[in-house]
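Have a look at the structure below, then the notes.
Here is the naming used below: chain letters follow the sequence lines, and residue numbers restart at 1 for every chain.
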Number of protein chains: 2
Amino acid sequence: MLTSERKALIQQILQRDGRVVAKALSQAWGVSEDTIRRDLRELASDGVLQRVHGGALPASPAIADFAQRERTGSAAKANLGRLGAGLIRPGQIVFLDGGTTHVHLARQLPRDLKATVVTHSPSIAVELAHHPTVDVEIVGGRLFKHSVVAMGSASAEAIARIRVDAYFMGVTGLHPDTGATTGDHEEAALKRLIARQAAETIVLATREKLGAASAYGILPLAGIATLVAEAGRDDDRLVPFRAAGLSIVTA
Amino acid sequence: MLTSERKALIQQILQRDGRVVAKALSQAWGVSEDTIRRDLRELASDGVLQRVHGGALPASPAIADFAQRERTGSAAKANLGRLGAGLIRPGQIVFLDGGTTHVHLARQLPRDLKATVVTHSPSIAVELAHHPTVDVEIVGGRLFKHSVVAMGSASAEAIARIRVDAYFMGVTGLHPDTGATTGDHEEAALKRLIARQAAETIVLATREKLGAASAYGILPLAGIATLVAEAGRDDDRLVPFRAAGLSIVTA
DNA sequence: CTTGACCTTGCACGATATTGCACGAAAGAT
DNA sequence: ATCTTTCGTGCAATATCGTGCAAGGTCAAG
C-alpha cells in the first residue's frame with residue numbers, strides 16, 4: 001500500500017466514522033503502528049485532523065459533530081441512557097430490553113463496570129461486544145423484526161432459567177391508569193415474563209411516552225420500581241407516577 | 001512497447017485500479033523503472049494523474065474511491081458473500097457463522113428469498129432484521145467477544161435441537177492437510193457441533209486463508225462440501241482442495 | 001548511403017523517503 | 001501508586017527518486 005493512499009484512506013475513514021484508531025488501522029493494513037502514527041502526525045501538521053492519544057479525530061469539530069450525532073442518535077435518548085447506566089451497580093446482573101434507548105444505555109456503561117448484561121436484543125449484544133469488562137448473555141429465539149429482539153418459546157424458556165437484579169423494560173406507553181403498555185401481544189407477554197424474573201423493573205421513558213397507552217398491557221404501575229425520565233418544567237406529568245410510589249430519576 | 005502506448009495503458013490501469021505502482025509496471029512490461037517514472041512525470045505534468053512516492057494516483061480522488069475499497073479487503077469479502085448468498089435455495093434453512101464475510105453474505109441475500117437463517121452472531125441478526133422475507137433464528141448463549149458470537153453450553157444445547165440444510169462455516173485457515181482450523185479451542189468444538197447438525201458445510205475463504213492453518217482443528221477437508229474462493233490467476237492454491245473432492249465456487 | 005538532429009532507453013550514483021525497531025518518556029488505566 | 005499502552009525520537013535498512021550520461025534507434029536532409 002502506498003503512503004499517500006494510506007493517508008487518503010485515513011481521511012475517508014475519519015470523515016465516515018468521526019475517528020480513527022491507530023492500532024486498528026495498523027492491523028487492518030498490516031503495517032507497523034509507527035507508520036500509522038507517522039501518517040497521523042503528518043496529516044495533523046497539514047491541519048486535516050487532530051491527534052489524540054490512541055488515534056485521531058477530525059480537525060474541524062463540525063465534521064465530528066455530525067458523525068457523532070449519527071452514532072448516538074437523539075440527545076434525549078442518550079441522556080436517558082446515561083441515567084439508566086448510572087443505576088447499575090458493580091456485580092449486578094441486569095436484563096436489557098431492546099430499543100434504541102437501551103442501546104444508548106449499553107453504550108454509556110462505564111468502561112470499568114464489572115457486571116453481567118442479559119439481553120434478547122442482538123443490537124445491544126453487538127454494542128457491548130467491545131466493552132472490556134461487561135459479560136453478555138444472549139437470549140436466543142425467533143427474531144421479531146419489528147423490535148429487533150428474540151422472541152418465541154425458545155426465548156421464554158431461556159428467560160425462565162435466569163434471575164436478574166434489574167430489568168430495564170422498554171415500553172411504548174406509560175400511563176397512570178393502564179400502566180406499562182406495548183403494541184404487540186406476544187411481546188407484552190414476554191416482557192411480563194422477564195419482569196417476573198427480575199428483582200425490580202426499571203423503565204426509561206422519553207417525554208412522549210409518559211401518559212400514553214398502547215394496545216397491550218404489560219404491567220400495572222405497581223410492578224415498576226423506578227422510572228427514568230427526561231427532566232423538564234413539565235414535571236406535572238411525573239406527579240401521578242410519583243404518587244403511585246415509583247422512584248423517579250431525572251437529570 | 002511504444003511510449004504513447006504505455007502512457008495510454010497507465011491511464012487505463014489508473015482508472016480501473018485507482019492507483020499504479022512504478023515497480024509493478026516496470027516488471028510487467030519489462031522496462032526499467034526509470035522509464036515508467038519518466039512516463040509518470042510527463043503524465044503528471046499533463047495533469048492526468050498525481051505522482052506519489054512509489055507510483056501515482058488519479059488526479060481526482062473521486063475515481064479512486066471504489067478501487068480503494070477493493071484493496072482494503074472488504075470488496076473481496078463482499079464478493080465472496082455474494083457468491084455464498086447465491087448458493088442458498090428458497091425454503092432452505094441455513095446456519096450462518098459469525099465473521100465479516102458472513103455479514104456480507106447476509107447483506108446480499110436476494111430481497112425476495114424466502115428462507116430461514118439460524119445464527120449465533122448478533123451482528124448477522126441485526127443485519128437481517130430488515131430483510132423482508134428471511135426468518136431469523138438466534139442461538140443464544142454467552143457472548144464470546146473476540147468473535148462476537150454466542151457460545152457456551154446454552155448455545156450448544158440450542159444447536160443440538162436444530163438441523164439445517166447448510167452451514168456456512170467461518171475459519172481462520174483452510175489447509176489441504178490440517179483441514180479447517182480456527183484460533184480458539186471452544187469455538188472449534190462449537191463449529192464441529194454445528195457441522196454435525198448440517199446436511200453440508202460450506203466455507204467462504206479469502207485468499208489469505210487458503211493454505212493457512214491455525215492452532216485448533218475443526219474438521220478435515222472431507223467434512224466440507226463446498227469451498228467458495230476468490231477467483232484469480234493463482235488457482236494453484238485451489239488444486240489440492242479440488243483434488244480432495246470439494247466443490248469449488250469462484251466468481 | 002551517410003550524416004546529424006532528435007528521441008528513447010537503461011544505467012550509475014548521490015539524494016531523499018519510507019519503514020520497522022529500540023528505548024525512554026508521557027499518558028491512561030487499574 | 002503501579003502497570004500497561006501509547007508516544008516521540010534516533011537509527012539503520014531498504015526503496016524510491018532525480019539527474020547526468022552514454023548507447024542505441026528513427027528520420028529527414030544532404
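Judged by distance alone, with hydrogens and angles left aside, A/Arg38 brings a side-chain donor or acceptor within reach of the base of C/dG20, the pair sitting under 3.5 Å. The base of C/dC11 sits within donor-acceptor range of the side chain of B/Asp34, with an N or O pair under 3.5 Å.
Residue B/Arg51 has a polar side-chain atom (N or O) positioned under 4.0 Å from OP1 or OP2 of D/dG18. Listed pair A/Arg41 / D/dG8 meets the phosphate criterion, a side-chain N or O lying under 4.0 Å from OP1 or OP2. Here B/Lys23 reaches the OP1 or OP2 of D/dT16: one of its side-chain N or O atoms lies under 4.0 Å away. Taking only side-chain nitrogens and oxygens, A/Arg6 comes nearer than 4.0 Å to OP1 or OP2 of C/dT19.
In this structure, B/Glu33 atom CD and D/dT16 atom P are separated by 6 Å, rounded to whole Å. Counting to the nearest Å, the C1' atom of D/dG18 and the CG atom of B/Leu40 are 14 Å from each other. In this structure, the CG atom of B/Leu25 is 12 Å from the P atom of D/dT16, given to the nearest Å. Atom CD in A/Glu42 sits about 14 Å away from atom C1' in D/dT9, given to the nearest Å. A straight line from CZ of A/Arg37 to C1' of C/dC21 spans 12 Å, rounded to a whole angstrom. Atom-to-atom, CG of A/Leu113 to C1' of C/dT30 comes out at 15 Å; the value is rounded to the nearest Å. Distance CD (A/Gln27) to C1' (D/dT5): 13 Å, rounded to an integer number of Å. Going from atom CD1 of B/Ile36 over to atom P of D/dT16 covers 13 Å, rounded to whole Å.
With A/Glu230 contributing its side chain and A/Thr206 its backbone, the two residues share no donor-acceptor pair below 3.5 Å.
Map B/His53 and B/Thr35 each onto its nearest nucleotide of DNA chain C; the residue landing nearer the 5' end is B/Thr35. Between A/Thr3 and B/Thr3, it is B/Thr3 whose nearest contact on DNA chain C lies nearer the 5' terminus.
Among the heavy atoms of the strands lying under 4.0 Å from B/Val52 are primed sugar atoms or P, OP1, OP2 only; no base atom is included.
The minimum heavy-atom distance linking A/Glu33 with A/Ser26 is given by the pair CG-OG, 3.5 Å. Considering all non-hydrogen atoms of both residues, A/Met169 and A/Asp97 come closest at CA-OD2, 3.7 Å. Nearest approach of A/Met1 to B/Arg19, heavy atoms of both residues: CA-NH1, 3.9 Å.
In this structure, the side chains of A/Lys7 and A/Asp46 stay at 4.5 Å or more apart for every pair of heavy atoms.
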